[in-house]
Structures are given as C-alpha cells and as structure tokens.
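Here is the structure we will look at.
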Amino acid sequence: MNTQLAGIDFSAPSHIVAPQLIGVTVLFNGVGGRIVEVEAYDREEPASHCYIGQTARNFSMFGPPARSYVYQSHGIHWCLNFVCREAGHGAGVLIRALEPVEGLDAMRARRGLDDERLLCAGPGRLCEALGVTREHNNLPLAKAPFKLIARDPVHRPEVLAGPRIGISKAVDLPWRFVLAGSRYLSKPMRGGHPV
DNA sequence: TGTATGATCGCCT
DNA sequence: GGCGATCATACAG
C-alpha cells in the first residue's frame with residue numbers, strides 16, 4: 001500500500017504529518033485551497049475520538065492511512081480529517097482552515113456569504129464550503145473527489161505550533177499547527193512556537 | 001475584541 | 001440521557 005501522497009508519508013504519527021500539511025492544497029471536486037490550520041489527534045491521547053478504541057463512528061481512523069475521516073459535530077457541522085499511522089492504530093489530522101484558492105463562487109454559494117476570509121476559517125465552515133458530508137467518510141485521498149497538491153518544495157512555509165482549540169482534555173499538547181501570519185485561521189495563534 | 005448562548009443529532013466517555 | 005475536535009448571533013466594554 002502506498003502511503004505517500006503530496007510528498008507526505010501518511011503512515012507517520014499525526015503530529016509529524018500535521019505540520020507537513022500546512023501549505024498543501026486540498027481540492028474537493030475542484031473546489032478548495034491551501035491548508036493553513038490543522039490539529040493532530042492520536043489514540044494514545046484522550047482528546048481523540050480514537051482514545052476509546054474503534055467504534056461505528058470512528059472506524060475509518062483505524063483503517064489504512066491517507067483516507068478521509070468525516071464526522072458530525074454538535075449534530076450540525078461536518079469535520080474533515082486525514083487518517084494517519086498504519087492501519088489499526090487510530091490517528092488523524094483535523095483540517096481546520098483553508099486559504100480559498102479554487103472555486104470561490106461555489107464556496108460562496110454553499111456558505112451563503114461573501115467574505116473570503118470566513119469561507120473556510122473553521123472545520124465546519126470548510127466542509128460546508130467544499131460540500132463534504134458523511135458520504136465522504138473513509139475515501140482515499142489519492143482519488144477523486146479529493147485531490148492533494150504538494151506544497152512548493154523549495155520554500156518551506158513558516159509553521160507555528162500551539163495548543164488545540166475546542167477540547168477539554170489533553171489541553172496542553174501543542175498539536176495545533178498554523179501558517180504563520182495567515183489571515184484565514186479559525187482563531188489567531190497566540191504564543192505559538194516555530195516548528 | 002471578547003464572552004455567552006442556543007441550535008440539533010449520532011453515538012457513547 | 002448526556003455530551004461534543006462548532007458556528008452564528010447577541011451584547012458588553
């Protein structure tokens with residue numbers, strides 16, 4: 001099984017994969033943009049859906065890496081993760097924000113909102129803008145409707161790490177990664193440190 | 001700029 | 001029955 005995609009080895013731990021995803025372009029049916037904010041989750045850490053073991057909800061994170069894990073949050077919003085590690089471990093990277101690049105009109109139509117800055121600034125917003133829902137759980141990221149485009153290998157983006165957002169457990173783990181200075185984050189990074 | 005609150009539902013801690 | 005890896009709105013300062 002090929003776990004390499006967009007120049008990233010998805011069989012690595014999620015906190016290793018996550019910072020490498022900053023700057024990668026994600027398209028979904030041709031709509032999307034550059035990743036500017038992600039969070040890593042792993043079975044060995046209690047904030048992860050994997051922590052309790054495999055269930056009907058989280059099974060795709062226990063499958064092969066470089067696939068999608070889509071879950072519903074608060075009964076309203078969908079959230080997109082990329083599965084990491086070897087099959088059976090349980091780990092993923094939550095895609096929290098994109099800098100919109102392709103299909104701006106489609107995103108605006110789905111979001112019912114003009115402000116480019118708010119189109120994909122948050123995991124639920126991003127899925128609404130791209131049209132990602134439950135049906136797109138457990139799909140290979142190497143095939144349509146997904147398309148990943150590697151970042152420029154020459155210019156490494158400046159990545160900051162800090163604590164994750166919206167969780168109540170393992171709050172001190174610095175597994176949130178953002179593109180330094182990006183205007184498209186769900187929240188500004190305060191007190192982050194360079195990776 | 002920041003904090004509080006309600007919406008709404010699949011899956012369990 | 002309770003709880004979220006959230007978002008939009010309302011209101012205070």
Side-chain angles (χ1 to χ4, degrees), chain A residues 10 13-19 21-22 26 28 33 35-63 65 67-85 89-100 107-139 141 160-179 181-192:
Chain A
F10 280 84
S14 53
H15 66 281
I16 303 297
V17 172
L21 283 169
I22 299 297
V26 185
F28 185 78
I35 300 175
V36 296
E37 178 180 353
V38 298
E39 285 177 0
Y41 289 88
D42 189 279
R43 177 173 190 173
E44 295 166 5
E45 152 277 303
S48 171
H49 291 168
C50 291
Y51 187 62
I52 58 174
Q54 184 172 338
T55 67
R57 179 202 205 186
N58 67 20
F59 74 95
S60 48
M61 271 200 288
F62 289 87
R67 294 174 86 109
S68 61
Y69 165 48
V70 178
Y71 71 91
Q72 193 179 35
S73 179
H74 294 261
I76 303 174
H77 306 289
W78 297 101
C79 297
L80 171 64
N81 296 244
F82 292 172
V83 177
C84 297
R85 289 265 201 167
H89 178 88
V93 176
L94 172 65
I95 311 302
R96 286 192 57 92
L98 303 181
E99 175 184 337
M107 293 194 220
R108 288 193 171 103
R110 290 198 191 101
R111 295 273 293 121
L113 168 142
D114 283 336
D115 191 346
E116 177 182 332
R117 202 161 147 167
L118 293 178
L119 287 180
C120 301
R125 293 165 168 170
L126 177 163
C127 284
E128 185 176 32
L130 271 56
V132 173
T133 70
R134 177 98 208 160
E135 324 161 30
H136 310 114
N137 183 35
N138 200 31
L139 296 180
L141 300 176
L160 299 179
R164 295 175 291 183
I165 290 176
I167 57 172
S168 55
K169 298 165 186 168
V171 293
D172 291 331
L173 218 45
W175 280 7
R176 177 184 182 225
F177 302 93
V178 307
L179 177 64
S182 173
R183 307 192 311 279
Y184 300 94
L185 305 181
S186 63
K187 282 186 182 174
M189 173 70 82
R190 299 188 302 199

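Small disclaimer: the values here were computed from a predicted structure and weren't measured. We name chains A, B, ... by the order of the sequence lines, and we start the count at 1 in each one.
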Heavy-atom side-chain contact between W175(A) and L94(A) under 4.5 Å: no
Nearest-nucleotide comparison on DNA chain C, the residue closer to the 5′ end among A121(A) and S168(A):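 Checking each residue's closest nucleotide, the 5'-ward one belongs to S168(A).
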Residue whose closest nucleotide on DNA chain C lies nearer the 5' end, G75(A) versus R111(A): G75(A)
Nucleotide of dA5(C), dA8(C), dT13(B) approaching R125(A) most closely (side-chain heavy atoms):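 Among dA5(C), dA8(C), dT13(B), the one nearest the side chain of R125(A) is dA8(C).
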ring-ring contact (aromatic ring centres under 6.0 Å, His included), paired with H136(A), selected from Y71(A), W78(A), F28(A): F28(A)
Rounded to whole Å, please give me the gap between [atom1] in [X] and [atom2] in [N].
X	N	atom1	atom2	value
I95(A)	dT6(C)	CD1	P	14 Å
K169(A)	dA5(C)	NZ	C1'	12 Å
F82(A)	dA5(C)	CZ	C1'	15 Å
R117(A)	dC7(C)	CZ	C1'	17 Å
L119(A)	dA8(C)	CG	P	11 Å
N81(A)	dG4(C)	CG	P	18 Å
I165(A)	dG2(B)	CD1	P	12 Å
L173(A)	dA5(C)	CG	P	15 Å

Over all strands shown, is [X] touching base, sugar-phosphate only, or nothing at heavy-atom distances under 4.0 angstrom?
X	answer
R176(A)	nothing
T55(A)	sugar-phosphate
R96(A)	sugar-phosphate
Q72(A)	sugar-phosphate
Y51(A)	nothing

OP1 or OP2 of dT1(B) under 4.0 Å from side-chain N/O of R190(A): no
Side-chain N or O of R57(A) closer than 4.0 Å to phosphate OP1/OP2 of dC3(C):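 So the side chain of R57(A) is outside the cut-off, no N or O lying under 4.0 Å from OP1 or OP2 of dC3(C).
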Please answer whether [N] and [X] are stacked, defined here as ring centres separated by less than 5.5 Å and planes angled under 30°.
X	N	answer
Y41(A)	dA5(C)	yes
H74(A)	dG4(C)	yes
H77(A)	dT6(C)	no

Ring geometry between H49(A) and Y69(A) (parallel below 30°, tilted from 30 to 60°, perpendicular above 60°):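 Because their plane-to-plane angle is over 60°, the rings of Y69(A) and H49(A) count as perpendicular.
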Side-chain ion pair, R110(A) and E128(A), N-O less than 4.0 Å: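 Salt bridge flag = no for E128(A) with R110(A).
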Donor-acceptor contact below 3.5 Å, side chain N137(A) vs main chain V70(A):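 Confirmed, N137(A) side chain pairs with V70(A) backbone.
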Evaluation steps, side chain to side chain contact (heavy atoms under 4.5 Å, CB included), between F10(A) and V93(A): CA-CA 10 Å; F10(A) 280 84; V93(A) 176; over 6 Å; no
Between E37(A) and Y184(A): side-chain donor-acceptor atoms closer than 3.5 Å: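 Distance-only check fails for E37(A) and Y184(A).
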Upstream residue (5' side of DNA chain B) when I76(A) and A56(A) are each assigned their closest nucleotide: I76(A)
Stems where DNA chain B pairs, listed by first number, each of three or more Watson-Crick or G-U pairs under 3.5 Å: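 Output for stems: B:1-7 with C:6-12, B:9-12 with C:1-4.
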side-chain contact (heavy atoms from CB on, under 4.5 Å) involving R43(A) - partner list, sequence neighbours excluded: C50(A), F62(A), H89(A)
Same-atom distance (C1') from dA8(C) to dG10(B), integer angstrom: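 About 22 Å, rounded to a whole number of Å.
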